[in-house]
Structure formats: C-alpha cells, structure tokens
There are 2 protein chains.
Amino acid sequence: MSERLLLHEYAESGNCYKVRLTAALTGVRIDRQEYDIMKGETRTPYFLENVSANGRIPVLQAGDRFIPESNAACYFVAEGSHLIPTDPFDHADMLHWMFWEQYNHEPNIATLRFWMKWLGPDNLTDLQRLQMPAKRQAGNAALRLMDDHLKGREWFIGDEVSLADVCLFAYTHVAGDAQFDLKRYPQVVEWIERIKGHPHFLSMEA
Amino acid sequence: MSERLLLHEYAESGNCYKVRLTAALTGVRIDRQEYDIMKGETRTPYFLENVSANGRIPVLQAGDRFIPESNAACYFVAEGSHLIPTDPFDHADMLHWMFWEQYNHEPNIATLRFWMKWLGPDNLTDLQRLQMPAKRQAGNAALRLMDDHLKGREWFIGDEVSLADVCLFAYTHVAGDAQFDLKRYPQVVEWIERIKGHPHFLSMEA
C-alpha cells in the first residue's frame, strides 16, 4: 500500500484494536492518532467535518480519504492478504461473522464493558440500567453461539485464521471487563489462546 | 452461479428484501421460502439446527451451505457484479456504509418499524417503550447523515449504484412505517426515487 495509513482511534476501544491487530497480522504499517472519547474529542466540529460525520472512532485515513466503521477499516488493511479468503462462499461467510459481530456481539458485550468499566455502574442512566439484563442475556447468547460453532474447529471460517477471527477476538478476549465469565465457554477460551499464539500477534496494550 | 440459491425469509422484513433486490439488480435467480417470524418459525429446533443457529432471517442457502446476515447474503449474490466496486478504497467505503447500516440505521429505524407496525404500540414492553425516544433520535440522526452525504451525489459510493445503496434503501424507503418523516430529508427522497427508477428495480411487495 503506497498511501500513508493513519488510524484515528481511542486505543482501549476494541473496535480500534481490531484495526491494529489486522495490521500486525498482515505486516501493514499504520500510524496512530489518539482521541479521548471521554472528553468528546470525536464530536468536535473539526472531527465531524474532516474525519467522520458519524463522530465515532475508529476511522482509518488512507492518504486524504477516510474509512469509518472498524470492520470496513480492517478489510481495507487486509485486502489481498491471507486474512481474506478468495472463495466466494468462504468470503461471504467471513462477512457474515463480521456483520454478526457488529449486530449481536458488540452492542451487548462492548457496550456493557463501556458502561461498567468506563462510565461506572454508579453513573449509568436509568435507561442504561434497565437495558443491562437484556444485554447480559444477549451477550451470553453470543458467546454460547461462538462456543458451539467452534466445537471441532480451530477458526471461524475454514482452516485458517481470517478477518472474522480478528474482528470477533477484539471484544471477546476482554469480555471479562464486562463481567462475562469466559470459563463457561471453553472452546472460546482455547480459540483466544490460539490467536494469542500467532507469531505476529499484537496485544491490545501494545 | 451454478448452485441453487434459496432465500429463507420473511418477505416483509427489509433485511430479506435487500437480498431479493440485489438479485433483481444483478439478474440472479433466487428461490424463496417463507417463515412466519410472528409464529416463531425461525426459532424451531429444526431451523436452529439446520438453517441458522442465530434463529434469524434472512439466511441465503447456496447448495447445501448457509449464509446468515442480510448484508453478507447480498454480497454473495452480487459477487463479481457492477454492484461491488473493484477499487479497494471504494470497496471498503461500500462496506463502511453496510456496517453503518447494521449498527446505526437498522437497530433504530427497522426496530421502531417492527415495534410500531408488527407488535403495535399497545403491546410493547416497558423497556421497549422507554427505548423509543433514543431510537427515534438516533434514527433521525441516521437519516440526517444520509441526507447530508447525498448532497451533490447520486449514489453513496462513487458515480454508480452499489450494494451500499441497496442495503440502505431497504429500510429507508419504508421509514414512514415507523413514523419517520422522510420529507425532512429531500436528498434521501430523491435518491429513493433514483433507485426506484432503475430498469431492474423490484418492489418490496413483488
């Protein structure tokens, strides 16, 4: 890739970490620019006008163009690499897990993590507090579905690590931050260790 | 495509309509099998075991394999067609809008449509009722963002219709069912008419 890649991010966000992990596993260099979401730095007029009208990170900048949405940014970084299968069915199956992650996993597990670890249980609104049991249940259902899928498999798609694994790993491996008990999902725990054992693995804190 | 394609669906779901519209615009034949989600027909042991463990429609069956998640199914149908740009940036930008649709648009506009038109305002739980104002606000923010993006553009990506337009069209053009006032978004209204004017357009009722 000839253009400079700059990740507009908040490092502790799993959605941002996904993009860094994708870059590490594919040997792509990305530079990083940090925004403090707790201080509203992604909702400034400058950010909304110049980086993303949606006011969220991550946004991947490629030259003078911008790609919001974590899984789309991961795809751009991994384009043409071993992380993206070329068989049309496997490719669509990879996208299935990536869309499933954003619809069924992230809004439950990542949102509870944010509420519990960043906002803090005492600072939640009544509406947030009322949504917690449903998010807890849906988050556990997501982990259960992953655990069942991984029975007899090493990776989510086919026989190799793909972007589906990377995108699912980001918030799954820190689900304990939201008080999900990963020990209940032994296949998921093994799969987490498998990813951590990749020779080019990069931790969230790196 | 040599395999038979069978769409497991509930026809009035915008997520299912997306797949039919993609097939119409690309000249791909798909057969259809209807499930009544109001009777729980996608949560039966048979469905969970054989079609999708996630218990949701649409699921696209290709031969004896299954692709859940509407936008992944659309991608499989449109693979290699004019609906998917080949330039890596445009391709990632298309995915950005498709992920954005599932995260920022569908959970607000489609969910309110389902609650208001299918469940009915009198049958909502307290938690659903309490979530309505936030979903109304987020749905309007999504439509506003689309309207702003479409200023000076005909399509979401580049100069041609793409899967981003198809996926966003599905629930946008019926947002009135959830009492969103599309007249407030004139660029969106023009874009809806542009899609309806496509020579191979297929309506939701077809």
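These numbers come from the heavy atoms of this one structure, side chains and all, not from hydrogens, waters or symmetry mates. Letters A, B, ... mirror the listed sequences (proteins, then strands); counts begin at 1.
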Does the ring center of A:His91 lie less than 6.0 Å from the ring center of B:Tyr75?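 Yes: the rings meet the under 6.0 Å criterion.
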Taking the six-membered ring for Trp and the single ring otherwise, decide whether the centroids of B:Tyr103 and A:Tyr103 are under 6.0 Å apart. no
What's the spacing between B:Cys74 SG and A:Phe99 CZ if we round to 0.5 Å? 9.0 Å
Separation between CG of A:Leu95 and CG of B:Leu95, rounded to the nearest 0.5 Å: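 Between atom CG of A:Leu95 and atom CG of B:Leu95 there are 6.5 Å.
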Highest number of heavy-atom pairs under 4.5 Å with chain B: which of [options]?
{"options": "A:Leu60, A:Asp126, A:Asn54, A:Asp148", "result": "A:Asn54"}
{"options": "A:Leu130, A:Asn71, A:Asp93", "result": "A:Asn71"}
{"options": "A:Arg56, A:Gln102, A:Glu69", "result": "A:Glu69"}

Heavy-atom pairs under 4.5 Å with chain A - which of B:Ala53, B:Ala92, B:Pro88, B:Pro68 has more of them than the others? B:Pro68
Mind ranking B:Phe66, B:Trp97, B:Phe89 by heavy-atom pairs under 4.5 Å with chain A and telling me who comes out on top?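 The residue among B:Phe66, B:Trp97, B:Phe89 with the greatest pair count is B:Phe89.
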Return yes when atom [atom1] of [X] has more than 12 non-hydrogen atoms of other residues, nucleotides or ligands closer than 6.0 Å, and no otherwise.
{"X": "B:Lys151", "atom1": "NZ", "value": "yes"}
{"X": "B:Glu160", "atom1": "CD", "value": "no"}
{"X": "A:Asp159", "atom1": "CG", "value": "no"}
{"X": "B:Gln137", "atom1": "CD", "value": "no"}

Measuring heavy-atom distances to chain B, does A:Asn104 have an atom under 4.5 Å in its side chain, in its backbone, in both, or in neither? side chain
Part of A:Met98 lying under 4.5 Å from any heavy atom of chain B: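 For A:Met98, heavy atoms of backbone and side chain both lie under 4.5 Å from chain B.
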